[in-house]
Amino acid sequence: MTNVLIICASGITSQLLQETAQRSVEAYHANMIFQSSSFAAAQNNGLESADLVLVAPQVGCDYATLKSINPRLEKIPDNIYAWLNGESLVKFAMTELDKNKVVG
């Protein structure tokens with residue numbers, strides 16, 4: 001199971017996005033689980049161990065700090081985040097995970 005952590009400033013919007021994404025995971029039969037966290041609680045909620053970390057646009061100023069903790073970190077595109085588009089978030093996560101696959 002692939003763990004994807006969504007981080008936003010307070011954790012409220014990431015929770016909503018997590019819920020909509022998780023419904024789409026089932027539709028795509030993707031082997032992933034989304035979790036959400038506020039920026040302040042991210043280290044306690046799996047920041048270091050997540051297979052992919054997706055950060056909200058408003059947390060972009062802390063991107064470099066978060067990336068130093070987990071290099072598998074990407075910014076959520078504005079259009080996905082603003083519309084709480086879970087289906088697009090699942091597609092985005094699948095693409096990012098595919099980019100980072102180790103071919104061997």
Side-chain angles (χ1 to χ4, degrees):
M1 183 71 68
T2 303
N3 288 321
V4 180
L5 179 63
I6 306 167
I7 299 173
C8 75
S10 68
I12 296 169
T13 307
S14 61
Q15 174 68 36
L16 294 171
L17 195 51
Q18 172 201 352
E19 291 169 5
T20 62
Q22 205 57 52
R23 286 191 294 270
S24 292
V25 163
E26 295 166 10
Y28 281 90
H29 304 289
N31 190 21
M32 64 176 69
I33 187 164
F34 284 86
Q35 298 175 334
S36 62
S37 178
S38 67
F39 174 75
Q43 284 199 301
N44 294 331
N45 289 329
L47 174 61
E48 291 180 30
S49 62
D51 297 306
L52 178 63
V53 178
L54 301 175
V55 295
Q58 75 266 31
V59 184
C61 59
D62 295 302
Y63 183 81
T65 302
L66 294 169
K67 187 106 175 162
S68 70
I69 298 168
N70 187 332
R72 299 171 309 268
L73 183 122
E74 296 296 330
K75 294 178 188 173
I76 300 171
D78 291 341
N79 61 328
I80 293 174
Y81 191 79
W83 291 100
L84 296 175
N85 190 329
E87 180 178 2
S88 292
L89 186 67
V90 170
K91 290 178 184 178
F92 177 73
M94 290 169 63
T95 299
E96 292 305 316
L97 288 163
D98 195 45
K99 283 183 192 176
N100 295 318
K101 275 188 181 175
V102 176
V103 178

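Taking CG of Leu17 as the reference point, atom CD1 of Ile80 lies at 8.5 Å (rounded to 0.5 Å).
Clustering ILVMFWY residues whenever any of their side-chain heavy atoms sit less than 4.5 angstrom apart, transitively, puts Leu5 in a cluster other than the one holding Ile76. Grouping the Ile, Leu, Val, Met, Phe, Trp and Tyr side chains by contacts below 4.5 angstrom, directly or via other members, places Ile7 with Ile69. Following chains of ILVMFWY side-chain contacts shorter than 4.5 Å, one can reach Val25 starting from Leu16, so the two form part of one hydrophobic cluster.
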Please set out all donor-acceptor pairs under 3.5 angstrom arising from side-chain atoms of residues 53-67, sequence neighbours excluded.
| residue | atom | partner | partner atom | Å |
| --- | --- | --- | --- | --- |
| Gln58 | NE2 | Tyr81 | OH | 3.3 |
| Tyr63 | OH | Leu73 | O | 3.2 |
| Lys67 | NZ | Pro71 | O | 3.0 |
| Lys67 | NZ | Leu73 | O | 3.2 |

Without placing hydrogens or testing angles, list every side-chain donor-acceptor pair under 3.5 Å for residues 42-49, not counting sequence neighbours.
| residue | atom | partner | partner atom | Å |
| --- | --- | --- | --- | --- |
| Asn45 | ND2 | Ser37 | OG | 3.0 |
| Asn45 | ND2 | Ala41 | O | 3.3 |

Which donor-acceptor pairs under 3.5 Å do the side chains of residues 27-36 make with protein atoms, sequence neighbours left out?
| residue | atom | partner | partner atom | Å |
| --- | --- | --- | --- | --- |
| Tyr28 | OH | Glu87 | OE2 | 2.6 |
| Tyr28 | OH | Lys91 | NZ | 3.4 |
| Ser36 | OG | Gln15 | OE1 | 3.0 |
| Ser36 | OG | Gln18 | OE1 | 2.9 |

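Here the closest heavy-atom approach between residue Cys8 and residue Thr13 is recorded as SG-N, 3.8 Å.
For Glu96, the side-chain contact (heavy atoms from CB on, under 4.5 Å) partners two or more places apart in sequence, or in a different chain, are Leu52, Glu74, Phe92, Lys99. By the side-chain hydrogen bond (donor to acceptor under 3.5 Å, both in side chains) test, Asn85 pairs with Ser88, sequence neighbours left out.
Here the side chain of Asp51 pairs no donor or acceptor atom with the backbone of Val4 at under 3.5 angstrom.
Identified under the salt bridge (charged side-chain N to carboxylate O under 4.0 Å, His left out) test for residues 14-38, with sequence neighbours left out: none.
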